[in-house]
Undergrad: 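Quick one: the structure is below, questions incoming.
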Amino acid sequence: GTGEGGKAAAGKKFRIAVSLPAANNAWQAKLLDSINAEVAKDTTNFEITVKNGVDDADQLNQMTTFKGGGYDMIVCLPGNGTLMTPICQEVYKSGTKLMIIDRAIEGDTYTVFYGGDNAQCGKNAAKYLGDRLKGQGQIAILRSYVGTPIDLQRYNGFMDVLKASYPGIKVLVEGDGEFNQQAGLKSMSDILPAYPHIDAIYTQDDEAAVGALTAIKNANRTDIQFITGYGGGKTAYKFMQDKNPLFGASMSYFPTMGGRGLAMAKQILQGKTFPKDNIEATVVVTQDNVSKYLNDAY
Amino acid sequence: MSNAAVLQMKGICKSFFGVEVLHNVDFGVDKGEIMGLCGENGAGKSTLMKILSGIHAQDAGEVIFKGSVIRRNATPLEMQRVGVSMIHQELILLNELTIAQNIFLCREPRGAAGLINFNRMNEDAARILSKLGEKIDPKRKVRDLKIAQKQMVEIAKAIAFNVELLVMDEPTSALTGKETKILFDLISSLSAQGIAVVYISHRLKEIIDVCHKVTVLRDGHFVATKNVADVTAHEIATLMVGREVKESKASDFPGDPNAVVLEVRGVSDDLLKDVGFKVRRGEILGFSGLIGAGRTELMEVVFGIRKPRTGSVFIEGKPVTIRSAIDAIRVDLGFVTEDRKETGLVLCRDIVDNANYVSWLKNPGMFKGAKATMENTRRIIDRLAIRCSSPAQNVSNLSGGNQQKVALSKWLLSGAKVLVLDEPTRGVDVGARQEIYQIIRELAAEGVAIVIVSSDLPEILSICERVIVMHEGRITGTLNASELSEAKVMYYATDV
Amino acid sequence: MIAVESRAENRALELLKGIWRNYSVLVVFVGIIGICAIAAPRFLRMDNLLNILRNTSTVGAIALGMTFVIIAGGIDLSSGPVLATAGAVLILLQRMVNADGTPAVPLALAIVACLAVATSFGFLNGIIITKAKLPPFIVTLAVGIMARSLVMYFMRGATVMGNNIPQFTRIGNGSVFSIPIPFLLVVGVAIIFHILLTRTKFGTYVFAVGGNENAARYSGIKVDRIRIATYMIVGLCTGMAATIEMSRMAAVAAATSGSQYEFEAITAVIVGGTSLTGGKGRLIGSIVGFIILGIVNNMMIMLNISPYLSGCVKGAVILFAVLMQRRER
Amino acid sequence: MIAVESRAENRALELLKGIWRNYSVLVVFVGIIGICAIAAPRFLRMDNLLNILRNTSTVGAIALGMTFVIIAGGIDLSSGPVLATAGAVLILLQRMVNADGTPAVPLALAIVACLAVATSFGFLNGIIITKAKLPPFIVTLAVGIMARSLVMYFMRGATVMGNNIPQFTRIGNGSVFSIPIPFLLVVGVAIIFHILLTRTKFGTYVFAVGGNENAARYSGIKVDRIRIATYMIVGLCTGMAATIEMSRMAAVAAATSGSQYEFEAITAVIVGGTSLTGGKGRLIGSIVGFIILGIVNNMMIMLNISPYLSGCVKGAVILFAVLMQRRER
Ligand SMILES: Nc1ncnc2c1ncn2[C@@H]1O[C@H](COP(=O)(O)OP(=O)(O)OP(=O)(O)O)[C@@H](O)[C@H]1O
Ligand SMILES: Nc1ncnc2c1ncn2[C@@H]1O[C@H](COP(=O)(O)OP(=O)(O)OP(=O)(O)O)[C@@H](O)[C@H]1O
Ligand SMILES: [Mg+2]
Ligand SMILES: [Mg+2]
């Protein structure tokens, strides 16, 4: 609206509050960096508060604090979309503009959504794996904090396509990569002796994939053809740049969406219009196209 | 047995971890009777009474109370309900609760809405305490009490309710003459009301003074029950130990009066007022006084556990600074504390460890030296006749007297030049006590200066060559063995 | 003259010391509030203060029960997972609807079920600890791991939305005379518990059991029953916390609901001056303790402290608060 | 005749009881291995067993040090964050290169720095606990929160790659005579520690301090120094764990490295029969303890147990192992 443009002209700043979950892994840390970089770009027209919640309840508390804080827009990356739904509804109904980043909430009580598509990336991964294995083979899966919403989206997307299109591929075992290298390493090193023949491995996180690769290298296994990652980790991308045949592909899910989302939020306040739902394109990053995405990596 | 029997225990057997500590013991008490129970440390007195009060279950035998057989697994509360009350050897008060709460634990008076009636409870507690000659505020936490006051609370707790049989397991070991007298008057009046009392003590004079009969145990076996009128303390001791026990009286210090090893000058703090004393090579110096006179506090100052406002310590004429126990150990001081459970022993460790802590500290090197350690331990077990299944036995499983010997052994093995013994025979049986006295005399003969703090006057009389009497933080008199008598000590102790 | 004066001085000093000994936690509390008010003027706004009280209610409820357990010489590391389990039961019952869309299970019944489940976990903890004579630390840790695993298994790890009806969400989000309902609930329970702890036999026995188990046993106290009861109390409180938490979110996350709450609660209790060695403690301390923790979290936002550094501030405040506590003796 | 026989029987029984009392943890251990071998035949393969040993080395190293702290009556909840902090120092030093690409800091020096940082944290814990007389639970919890926060702040929460050179990665990934190097390191340290605990004066004092602090003090033992030393030992062990962990990945994750390791280590120590009340414990127990935990994790995969249910199994095994332990007395 025009009114808001006038507000900026009158020397008043737009106030934005950003609520994030705990920055307890590399992806979240890079997201925070990209948001802070966007915050620094324009401090004359915008006053932006960025907060990480310790856990779901803490993020809820934060959102409650923000709700009464007189902000022009609240940007929320819900640690758990379902849990944040009621407070998001309240914020939306109170008239404050609400942008949801990355993880969807239930229903449509938000102004605009900007995010990736975890389920689609999982589907992409299933397609990539299935095609490379020609529909036949045995695989292992490293999940990402079993039971959390992201894990379920990435896992269910993958399994849906796998079951529907590649019935010849058997899932031998599932471990937990916990979004970090150590867990990926330990989990995979437990899996390898138990399963003498594995054709490929689907991991739901690049860091965990890197750990898994170390385990495979240590075990001198030759049966494993390739592993796929997820996200956009620097180390994983390095493997692909170096043409390491073991690292097949990584499903893009870039933390830079944080900065891009905030940029969109600013433009909305300045009067630009966007569709309600904005989904970043999903890419299967491989040795061939990895050079294009190095700046998004974390 | 007479039909007045309140309690009969028949053929009681009890073992701990395969070791039999009670063997077919018979024991009985009549209505209104005061029954002494004697025996060496570890003879099984406490164990027998714990079976009676529902803390342990006997392996065999039966307990008949007021004519009915008590079931084997009766709980302490059930036994309290039928009228058995026990004062335990180790104080079992709750430090964070008030005196009144402790006295009425489990039997709190209820008021409105089922809540505790604190007013009544405090009033009742104050009344019971005043019967015992104590004027402490029942709302105070037990934590802040001195050990003798705690003992009085423990007694109050046992007599607060209608009892028909009261067991007192060494109630006077932490008391001085004044409180002991009050307690004895109380016991007599209870007896006159028809209440039976079992009185356990290592102070045989007390048994003679207060009891009607005495039962003697030895090594878990019943030895005899005698009318007190028919025996002397000496005879009881002989029954307990199974051989003659010799008692003796000290004489004046025969050594060099100028060979002062330890001198303490001008110690003052909140309680102590300009206290000083000297002790010479080979001398046995006693400290007497009433509870709270400040004797323990003075020794803690000397040993570096407590910081005084003023005061200085000299070892062989040279001033030394003692800021912690290790400083004291370095100048060859030793300190057997009055509370072995709290400050003397690490109960969950074995005899070897407890006996060697100080000597390890004194010797150089990082390793313990398994062989030398073991030899030392065996030697000290033999020398002090510590009754144990092996040197690797946990100290917590030893009887009180044997624990006391272990606490002493730590300092004997370390070769102290001055040894401070605070209540060295608390809870120690007559036989062992004479053994400890003998050891003390031997140490003195070897040139060790000995300082004994004791509330047991006969003990002071029988071993000390010189006695310093304290009253409320001040030294009120010094007496040589030749001029020593109970009356004189009491005169200075009460400072009339 | 001089002697008299110095005596009067002494008496004043003694009085001050007495106040400090009994109310040091309150003094620290007022101090922290003062510092906050100066550092961030918006801190003292009524809505902010009420917000803090609402936010701390869940951990606060657990801390109340935890006080009993800790005074009795125990500890409960299973509260977080138990909260998730009891919460899951509540949500699953509460979301069941009849064909006509009305709730199939009355809300009250669902809440009672939630409380019962949580209390049963407390009972389970207590039974294992007392009957198998195992250390509470490890038993409650293991039971917690198992509870979390069970709720994950039955809910396939998912986050489940409840029936978002006003009667339900009002419990956690509503206010009475602008005081948050959850805080009122916690205060109500705290008053009852305070009476229970200080005025009843049971309370005395809790102190006795934690102070000296043997002494308690010799005095005829049924030590095991008291222990079990304290674990059931913290279970009940966790059930209450679950009700509040679920009602605020109208949803339960199998994997994350209540995670780390046990540590927050234990920290609150210790900050409040109750000793982990058992035998002593004060309920009022725990209340102040959890509010202090809530203030710390709130101040991170108020002062816009880097999220990475918030742990530093929190750790420092905890240490400071406990340090002030200990000075009492 | 009969009496003699029954005596001989008794003696045999006593002997068995003696074995059980002293080696129950080993019996439980062999039992668990037997069950595993039957349930999953591949479990007993050499590569799997060696893998378990390698994977448990990190937590194992911490558990060794934790045994000292717990015997002395303390606890350390800061190990995980301290591992991350020390690991970060190691990686940051180790990745510095000269203009010509050679490492700027010798590897040995980087490792020494890592050990020193971890030991300093132990020293810090010990100093606060002894000098301010605060409870170890809360002090180490707070120090842990602060350490994690610091490493997050300085590394901006990111995962940082080290210099992936063979000398470095060999520490965590290499083998000697096919025994994993990290396990050899842990065993080496365990042997030294066993001697330290059972044959030296220091070891005895650790037991004394945990058993009765006052008596230890009255015996001339410098209680505070012993306490501090135990915290420094667990710090040193955490530094060793950090070296192993960093070397396995040649990378450190500020947010997740070492997370929850303190609980794994404490659990291992308790499963190994050391009591949280202090004054007693055995190092060999802790070793068996951490290997049991490693086996449990391994068996989840071997038996392909639903990841949701793995917590149930783990909790049950912990309870079972501790239960067997306690039966000893
Ligand atoms: N709980 C226990 N576990 C193992 N052994 C015990 C236990 N209680 C007592 N004993 C042993 O039983 C024996 C008898 O002990 P008890 O305490 O009855 O002796 P006592 O006659 O009261 O000695 P004292 O005069 O020293 O108090 C001792 O050898 C003691 O070591
Ligand atoms: N009037 C008092 N009020 C409070 N505490 C006291 C008082 N007198 C002594 N105390 C404390 O009680 C403790 C033990 O008393 P103290 O050492 O003075 O007595 P004692 O002569 O050794 O007698 P006993 O050891 O038989 O009680 C000391 O630590 C001292 O600080
Ligand atoms: Mg006894
Ligand atoms: Mg004394």
Side-chain angles (χ1 to χ4, degrees), chain B residues 17-18 299-300 303-305 322-331 333-350 352-370 373 392 394-397 403 406-407 410-411 413-414 416 420 422, chain D residues 6-7 9-18 20-22 70-73 130-131 192-226 229 273-282 327-329:
Chain B
F17 308 118
M299 298 311 154
E300 285 178 352
F303 204 66
I305 304 283
I322 299 179
R323 275 195 227 89
S324 66
I326 186 72
D327 292 343
I329 291 167
R330 287 220 183 87
V331 295
L333 291 182
F335 184 27
V336 180
T337 57
E338 66 181 335
D339 189 343
R340 57 178 172 259
K341 241 166 84 178
E342 285 295 318
T343 53
L345 297 167
V346 183
L347 289 173
C348 66
R349 302 305 296 173
D350 58 16
V352 182
D353 276 11
N354 274 287
N356 285 286
Y357 285 131
V358 182
S359 63
W360 281 326
L361 272 178
K362 274 198 157 175
N363 296 329
M366 286 171 71
F367 291 94
K368 294 190 280 190
T373 300
N394 270 3
V395 174
S396 57
N397 292 340
Q403 288 183 356
V406 176
K410 168 164 75 180
W411 300 103
L413 281 176
S414 73
V420 178
D422 198 353
Chain D
S6 90
R7 244 224 214 124
E9 251 172 45
N10 263 347
R11 211 173 304 151
L13 201 75
E14 279 303 305
L15 194 74
L16 275 180
K17 270 193 196 161
W20 178 244
R21 206 169 310 135
N22 284 311
I70 292 181
I71 289 178
T130 53
K131 299 307 170 196
I192 298 172
F193 277 11
H194 181 74
I195 294 171
L196 191 63
L197 198 56
T198 58
R199 301 250 169 272
T200 69
K201 297 172 179 176
F202 171 75
T204 317
Y205 300 158
V206 170
F207 281 105
V209 167
N212 183 345
E213 177 169 342
N214 273 333
R217 185 166 289 129
Y218 277 72
S219 302
I221 296 171
K222 295 197 164 145
V223 173
D224 286 359
R225 285 210 200 158
I226 302 286
T274 296
S275 147
L276 269 182
T277 51
K280 47 191 168 179
R282 236 177 280 131
R327 282 282 158 269
E328 74 181 41
R329 335 198 296 108

Undergrad: Check ring pair (Phe, Tyr, Trp, His ring centres under 6.0 Å) between F193(D) and all other residues, then give those that pass, not counting sequence neighbours.
TA: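 Testing F193(D) for ring pair (Phe, Tyr, Trp, His ring centres under 6.0 Å), a comparison that skips the adjacent residues, returns F68(D).
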Undergrad: With the side chain counted from C-beta on, respond yes when T204(D) and K368(B) share a heavy-atom pair under 4.5 Å apart, and no when they do not.
TA: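 Yes, close enough: below the 4.5 Å cut-off.
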Undergrad: For the interface with chain D, which of F303(B), F335(B), W360(B) has the highest count of heavy-atom pairs at distances below 4.5 Å?
TA: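 Top count of heavy-atom pairs under 4.5 Å with chain D: W360(B).
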Undergrad: What part of R199(D) gets within 4.5 angstrom of chain B, counting heavy atoms only: side chain, backbone, both, or neither?
TA: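 Answer is both: backbone and side chain atoms of R199(D) are under 4.5 Å from chain B.
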Undergrad: Side-chain contact, heavy-atom cut-off 4.5 Å: Y205(D) with T200(D)?
TA: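 Heavy-atom side-chain distance check fails, nothing below 4.5 Å.
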Undergrad: Evaluate the side-chain contact (heavy atoms from CB on, under 4.5 Å) criterion for residues W411(B) and V420(B): first the C-alpha distance (whole Å), next the side-chain angles of each, then the deciding distance (0.1 Å), finally the verdict.
TA: CA-CA 10 Å; W411(B) 300 103; V420(B) 178; over 6 Å; no
Undergrad: Need one label for T337(B): side chain, backbone, both or neither, based on atoms under 4.5 Å from any heavy atom in chain D.
TA: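 Looking at T337(B), just its side chain touches chain D.
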Undergrad: Could you tell me which portion of K362(B) (side chain, backbone, both or neither) has an atom closer than 4.5 angstrom to a non-hydrogen atom of chain D?
TA: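 Contact with chain D: none, neither part.
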Undergrad: To the nearest 0.5 angstrom, please state how far the OG atom of S324(B) sits from the OH atom of Y218(D).
TA: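 The distance works out to 12.5 Å.
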Undergrad: Partners of A208(D) by side-chain contact (heavy atoms from CB on, under 4.5 Å), sequence neighbours excluded?
TA: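 Scan of A208(D) (side-chain contact (heavy atoms from CB on, under 4.5 Å), adjacent residues dropped) gives V346(B), Y357(B), A216(D), I221(D).
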Undergrad: Do you know which of I329(B), D339(B), I305(B) has the most heavy-atom pairs with chain D at a distance under 4.5 angstrom?
TA: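 Highest number of pairs under 4.5 Å: I305(B).
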Undergrad: In terms of heavy-atom pairs under 4.5 Å, which option from K222(D), K201(D), R217(D) contacts chain B the most?
TA: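 Highest number of heavy-atom pairs under 4.5 Å: K201(D).
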Undergrad: So for N356(B), is it side chain, backbone, both, or neither that comes closer than 4.5 Å to the heavy atoms of chain D?
TA: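 Contact with chain D: none, neither part.
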Undergrad: Name the option with the most non-hydrogen atom pairs under 4.5 Å to chain B; the candidates are G203(D), G210(D), G220(D), G278(D).
TA: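 Winner by heavy-atom pair count: G220(D).
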